[in-house]
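Have a look at the structure below, then the notes.
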There are 2 protein chains.
Amino acid sequence: MQECMDWTSVNFDWNRARAFLVTAEEGSLSAAARALNMAQPTLGRQVSAIEEELGVTLFERVGRGLELTEAGSRLLVHARTMGEAAQSLSLAATGQSKAVEGHVAISATELYSVWVLPRVVRHLRNIAPGITIEVVSSNEISDLKRREADIAIRNTRPDDPDLIGKLIGNDSGTFFASPSYLEKLGPVSTLADLADADFVGFGEFDEFLGALQGFGVPITKANFPTRSASHTAHWDLAKAGLGIGIGPCAMGDADPGLHRVLPTEPQFEYPVWLVAHRELRTNPRVRLVWDVLAEMLPGILQGTP
Amino acid sequence: MQECMDWTSVNFDWNRARAFLVTAEEGSLSAAARALNMAQPTLGRQVSAIEEELGVTLFERVGRGLELTEAGSRLLVHARTMGEAAQSLSLAATGQSKAVEGHVAISATELYSVWVLPRVVRHLRNIAPGITIEVVSSNEISDLKRREADIAIRNTRPDDPDLIGKLIGNDSGTFFASPSYLEKLGPVSTLADLADADFVGFGEFDEFLGALQGFGVPITKANFPTRSASHTAHWDLAKAGLGIGIGPCAMGDADPGLHRVLPTEPQFEYPVWLVAHRELRTNPRVRLVWDVLAEMLPGILQGTP
DNA sequence: CCTGATTTATGCAAGAATGCATGGATTGGA
DNA sequence: TCCAATCCATGCATTCTTGCATAAATCAGG
């Protein structure tokens, strides 16, 4: 243990680093000031101050608005790490705070319940021991207004004005099948080669079939010898070699028991929304779970565990 | 790109996080105040402020001195991440600063020149494009006073009062040999089994032999059929299967062409010092290289690339 | 070309953080 | 047991930062 560390290099004003970070991310001093609930001149002075303190020009004053210099973008990555650590610190702190105790129910589709939520819940248990989590696994659009869940992960924008939503990003799904079935099927180079393939169906049958045909997959009802209303069952049936299934790209790619039928096609894109009661957002423990979900979901969906 | 990010969780006072970090690392408010060139009451108030801001008690006031609470230690890891990022930011900034341009010569032993310095130089080239680096590879104790090098990595504490030194940590070396030679040698379970082994010698012969015998290795001059004054040549001779060589544990463990002769024995421990002119420490570009070395060396020596 | 909206920069008063000096408390050793 | 050293907490004058109001500058669109 080195007792006498040299702190001179961390002796600059960290708040100015924060000013630099959110100014760069938001794109302008005014927007950053709004985001931080501060006055715009304050942020401008902080940015100028850190520029002088570090001896580096971070932004080029080009007309209205600022533009990152090359040095600024190189320094921004470190400011981002600081920001992420600050966010983690803040989240973990509100978790440790004895004020947040109680129960939070998260609703998600079946596949998300087994694919993304376990990690999130594990992390939540670490940073907020006082919170108990309930996972409501359902393919139905869970009714938040009836308190079946406090937070829901959905694939559509919420339309109810009482609900507040946050767009996390886009997830994508594609065709997967077990290696054994792919061997039986023979080589597949285009979607047209799937005319005689077996598919494992799930959910609303006609809607599903229509979507596939819209993508140029030449299939009919005869291509569905197996079928389940449960998405997890559908997934396991595909894994058992009974045909081609559909699931999130990141989930299938991470599963050694499944391979993509085609490397890139087809690509089903759908948005991922976090939804909650507008009033519940102010509840500290729901707010904590919300923030942790918003922090972790993008990484998980992009398949970077 | 999500345009409207939520910055509320990074909206706390980052300087207070810094106060928390160095107070925890230094162990007391007074020591932290000295390290940061601040007054002790200031730091005390900042720590109290962040405790109230986060709603978490970070320190237990126990007599004289503070003691981290459990929540505090859990939050400290995030503060450490912030601090490391802040240090990287600061270093990269002084590197980008156009003030630091010129030449810096680093002296190191032959093995360190090929094992640790390449990574450091690569990193330096990234964060400080204006600095050119010269690696002075020499087993001799390079004379800093004659300007053969600006910074030296040594294994002894500098005794000259004009030189300033910083202890990086301890490195350790042990016996390595190629798989082919280990097979030829047969099973080895204790140091006594090495009485008939071939060693590759290097450096001062008698001193080397004495040190080995002091470790309880039963060898004589007859055990040294091969020998080189160059440490890198000695290393490559061992890699070529000509006998047992000695080198840093982390370096040998990372080399697929070499295995340890014995899993833990013998363990040669030696300190690693960074040395420079006292006056040169104030030179910004030398200071930058010094700081980067101090930051990277511990990780490299412990074999965590 | 001109207008309106939006941005960055500056002046000034209020507020907050800082440093110094000091008091109170605890530990370790003579 | 007492003393010296060390540490944390508090009061107060000073310095620094912040926020508001406003000016100057730039871009988009009619």
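Residue numbers start from 1 in every chain, and the chains themselves are labelled A, B, ... in the order their sequence lines are given, proteins ahead of strands.
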* Structure fact -> Residues at least two apart in sequence or cross-chain that pass salt bridge (Lys or Arg N to Asp or Glu O under 4.0 Å) with A:Arg287, listed by chain then number, are A:Asp291, B:Asp6
Do [X] and [Y] come close enough that some side-chain heavy atom pair is under 4.5 Å?
X        : Y        : value
A:Ile106 : A:Leu293 : yes
B:Val272 : B:Tyr112 : yes
B:Ile131 : B:Leu124 : no

Rounded to whole Å, please give me the gap between [atom1] in [X] and [atom2] in [N].
X       : N      : atom1 : atom2 : result
A:Leu36 : D:dG19 : CG    : P     : 10 Å
A:Arg34 : C:dT8  : CZ    : C1'   : 13 Å
A:Asn37 : D:dT18 : CG    : C1'   : 14 Å
A:Glu52 : D:dC16 : CD    : P     : 14 Å
B:Asn15 : D:dC16 : CG    : C1'   : 13 Å

* Asked: Is a side-chain donor or acceptor of B:Thr42 paired with a backbone partner of B:Met38 at a separation under 3.5 angstrom?
  ->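 Pair absent, no side-chain N/O of B:Thr42 close to backbone of B:Met38.
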Between [Y] and [X], does any NZ, NE, NH1 or NH2 come within less than 4.0 Å of an OD or OE carboxylate oxygen?
X       : Y       : answer
A:Arg74 : A:Glu70 : yes
A:Arg16 : A:Glu51 : no
A:Glu26 : A:Arg34 : no

* Quick one: do the B:Tyr270 and B:Asp171 side chains pair a donor with an acceptor below 3.5 Å? -> yes
* For B:Ala92, enumerate each residue passing the side chain to side chain contact (heavy atoms under 4.5 Å, CB included) test, keeping only those at least two apart in sequence or located in another chain. => A:Leu75, A:His78, B:Ile127
* Only counting residues at least two apart or in another chain, list the ones meeting side chain to side chain contact (heavy atoms under 4.5 Å, CB included) with B:Val10. =>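 Partners of B:Val10 by the side chain to side chain contact (heavy atoms under 4.5 Å, CB included) criterion, ordered by chain and then number, come out as A:Ala86, A:Gln87, B:Trp7, B:Trp14.
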Is there any protein nitrogen or oxygen under 3.5 Å from a nitrogen or oxygen in nucleotides 13-17 of chain C, and what are the pairs?
from   : atom 1 : to      : atom 2 : distance (Å)
C:dA17 : OP1    : B:Arg16 : NH2    : 3.2

* Describe, as an angle rounded to 10 degrees, how the axis at the first end of the helix from C:dC1-D:dG30 to C:dA30-D:dT1 is tilted relative to the axis at the last end, five pairs per end. => 40°
Tabulate atom names and distances for all N/O pairs under 3.5 angstrom spanning the protein and nucleotides 8-10 of chain D.
from  : atom 1 : to      : atom 2 : distance (Å)
D:dC8 : OP1    : B:Leu29 : N      : 2.9
D:dC8 : OP2    : B:Leu29 : N      : 3.3
D:dC8 : OP2    : B:Ser30 : N      : 2.9
D:dC8 : OP2    : B:Ser30 : OG     : 2.7
D:dA9 : OP1    : B:Arg61 : NE     : 3.1
D:dA9 : N7     : B:Gln40 : NE2    : 3.2
D:dA9 : N6     : B:Gln40 : OE1    : 3.2

